[in-house]
Amino acid sequence: MEGLLMIAAQVMSVWFTLAFTLIVLPSVFGLSLGISEFYMRILVKTLEWATIRIQKGVKKKQAMALKNSASSGIIQRDETTMEKEIAGLRRVDFELSDVFYFSKKGIEAIVEDEVTQRFSSEELVSWNLLTRTNVNFQYISLRLTVVWVLGVVVRYCLLLPLRAALAAIGIVSMIVGTTLVGKLPNSRFKDWLSELVHLTCSRILVRALSGTITYHNKENRPQKGGICVANHTSPIDVLILTNDGCYAMVGQAHGGLMGLIQRSTVKACPHVWFDRSEMKDRHLVLKRLKEHVADQNKLPILIFPEGTCINNTSVMMFKKGSFEIGGTIYPVAIKYDPQFGDAFWNSSKYDIVSYLLRIMTSWAIVCNVWYMPPMIREEGEDAVQFANRVKSAIAHRGGLTELPWDGGLKRAKVKDTFKEEQQKNYSKMIVGNGPTGNLSMGAESD
């Protein structure tokens with residue numbers, strides 16, 4: 001028994017020594033030894049080979065059907081608006097056959113609407129050798145099966161222990177480092193040291209995910225006194241952005257390990273944490289955020305205006321509160337590559353522990369980040385219009401679908417007032433008085 005404990009201790013010692021020497025130390029100086037780049041080259045070649053094997057093992061007709069299904073969904077919809085389609089169907093103001101058209105639209109919405117599919121993982125066209133990727137890909141060939149088994153061994157027996165060790169180092173370093181820095185008197189040196197600790201720990205945690213991130217247009221990075229807004233896919237969005245700069249976080253105060261991290265980091269950095277009771281007081285939240293933005297020496301605030309995680313195929317409604325604060329908005333678009341690992345957190349299906357296990361047993365987290373030119377609220381523009389303008393810019397830059405729907409529909413029903421408004425639009429369109437809004441949305445809300 002003692003011999004086994006000694007062996008386990010030696011193995012752990014070797015793991016932590018390798019992690020500290022090859023990953024932690026380079027992270028302090030923002031350097032890379034090229035290990036992750038070499039790993040990604042091997043991974044890309046392996047997945048390309050697997051794709052070719054799959055294409056050979058699946059009939060061409062089935063492969064094309066799968067591709068169309070993954071890219072277009074279950075329902076094949078026309079791109080024209082409902083108003084134009086109705087106008088082309090009838091020659092008088094109203095025909096009884098119009099009822100069948102609306103019935104067709106309603107059935108399409110029930111089978112596959114454009115909202116609820118944003119709350120589930122994106123389907124891939126080709127299998128990436130992860131068991132949970134696509135149930136349509138099972139046995140193809142012996143060689144592909146052997147490679148998949150080897151991949152399981154590598155991910156669970158090699159990558160997972162290494163990543164867990166790095167995550168432990170990063171979290172402990174964050175707690176200890178920010179606690180020590182927080183004891184220093186306020187000064188430029190303290191601010192510099194705090195940013196160094198945050199950057200170093202974020203880089204360690206990104207390496208714990210085998211993160212490969214490409215940052216574009218760094219000259220547009222958020223500046224102090226500003227507000228950084230980004231689309232939201234996962235809790236690791238924070239790590240993706242703090243790997244390249246420091247931000248003041250905004251959110252609800254938690255307990256447990258998350259609470260310990262929040263209480264330690266706020267000592268070294270002006271994060272804005274709210275109690276549950278304070279989060280319900282909208283005016284108090286805005287007041288504290290405005291006070292933060294008014295100080296041009298404080299780090300930019302990082303906010304995800306969607307308020308929930310979306311599967312990185314689209315951008316949903318931005319809450320207007322983030323755009324009532326004032327100051328300069330720095331939009332950021334984040335786009336993950338699902339071929340190497342699914343970064344989306346489906347919180348209604350997985351708890352945070354299960355999600356992190358899935359992430360840390362994926363091949364890698366690969367994404368692109370685009371910093372966009374700063375935007376300010378124009379004269380005569382209200383908060384909702386400003387939020388929609390920023391959302392459109394992020395969706396366009398990230399190659400994401402722009403949707404007007406509230407991400408809160410993940411857990412809530414469509415409001416009755418919105419349904420009634422769309423029903424009025426339907427009736428006006430049918431009797432020929434002209435539409436008043438986007439009617440294609442209403443078909444999916446009823």
Side-chain angles (χ1 to χ4, degrees), residues 1-47 49-50 128-133 142-180 197 200-212 235-236 239 243 256-261 264 340-343 350-366:
M1 187 65 180
E2 293 181 0
L4 292 176
L5 292 176
M6 289 292 294
I7 294 175
Q10 291 176 354
V11 171
M12 292 294 294
S13 176
V14 170
W15 273 118
F16 277 95
T17 300
L18 289 175
F20 185 81
T21 304
L22 301 178
I23 299 176
V24 176
L25 282 181
S27 298
V28 176
F29 302 100
L31 301 176
S32 174
L33 300 181
I35 298 175
S36 59
E37 289 81 0
F38 178 72
Y39 168 70
M40 288 303 301
R41 285 197 296 269
I42 295 177
L43 183 57
V44 169
K45 293 292 185 182
T46 303
L47 294 180
W49 173 85
N128 61 0
L129 300 180
L130 294 175
T131 311
R132 52 187 174 269
T133 304
L142 178 61
R143 277 190 286 181
L144 191 62
T145 302
V146 171
V147 171
W148 172 76
V149 172
L150 290 175
V152 172
V153 173
V154 169
R155 289 187 290 112
Y156 283 87
C157 299
L158 181 63
L159 294 180
L160 180 58
L162 178 60
R163 290 169 176 173
L166 287 175
I169 293 174
I171 293 173
V172 172
S173 299
M174 177 75 76
I175 295 173
V176 174
T178 52
T179 300
L180 294 177
V197 171
T200 300
C201 296
S202 295
R203 289 166 180 166
I204 294 172
L205 292 172
V206 167
R207 283 164 172 77
L209 304 174
S210 297
T212 301
I236 66 173
L239 294 178
N243 182 65
L257 177 60
M258 180 60 70
L260 178 60
I261 296 174
S264 60
F340 302 95
D342 182 19
Y350 302 104
D351 58 29
I352 188 63
V353 176
S354 300
Y355 167 74
L356 290 176
L357 179 62
R358 290 169 61 86
I359 286 291
M360 297 183 74
T361 54
S362 296
W363 292 117
I365 296 299
V366 179

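- The one candidate from Thr200, Ile171, Ile236, Asn243 that meets the side-chain contact (heavy atoms from CB on, under 4.5 Å) condition with Leu205 is Ile171.
- In this structure, OG1 on Thr178 lies 9.0 Å from CD1 on Ile261, to the nearest 0.5 angstrom.
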Which donor-acceptor pairs under 3.5 Å do the side chains of residues 158-169 make with protein atoms, sequence neighbours left out?
from   : atom 1 : to     : atom 2 : distance (Å)
Arg163 : NE     : Ser210 : OG     : 3.2
Arg163 : NH1    : Met360 : O      : 2.7
Arg163 : NH1    : Ser362 : O      : 2.7
Arg163 : NH2    : Ser210 : OG     : 2.8
Arg163 : NH2    : Ser362 : O      : 3.3
Arg163 : NH2    : Trp363 : O      : 2.8

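- Distance check, rounded to the nearest 0.5 Å: OG1 of Thr179 to CG of Leu260 gives 7.0 Å.
- Under the 4.5 Å side-chain criterion, counting only non-hydrogen atoms from C-beta, Arg203 is in contact with Arg207.
- Residue Ala343 comes nearest to Ile359 through the heavy atom pair CA-CD1, 3.8 Å, listed as atom of the first residue, atom of the second, then distance.
- When all heavy atoms of Leu43 and Ala364 are compared, the closest pair comes out as CD2-CB, 4.4 Å.
- The shortest side-chain heavy-atom distance between Arg143 and Trp49 falls under the 4.5 Å cut-off.
- Closest approach of Tyr350 and Tyr355 over heavy atoms only: CB-N, 4.3 Å.
- A pairwise comparison of heavy atoms in Met40 and Thr212 identifies CG-OG1, 3.5 Å as the closest pair.
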Requested in this report: Start with the C-alpha distance between Thr361 and Tyr156, add both sets of side-chain angles, then the distance that settles side-chain contact (heavy atoms from CB on, under 4.5 Å), and finish with yes or no.
Outcome: CA-CA 6 Å; Thr361 54; Tyr156 283 87; 3.5 Å; yes

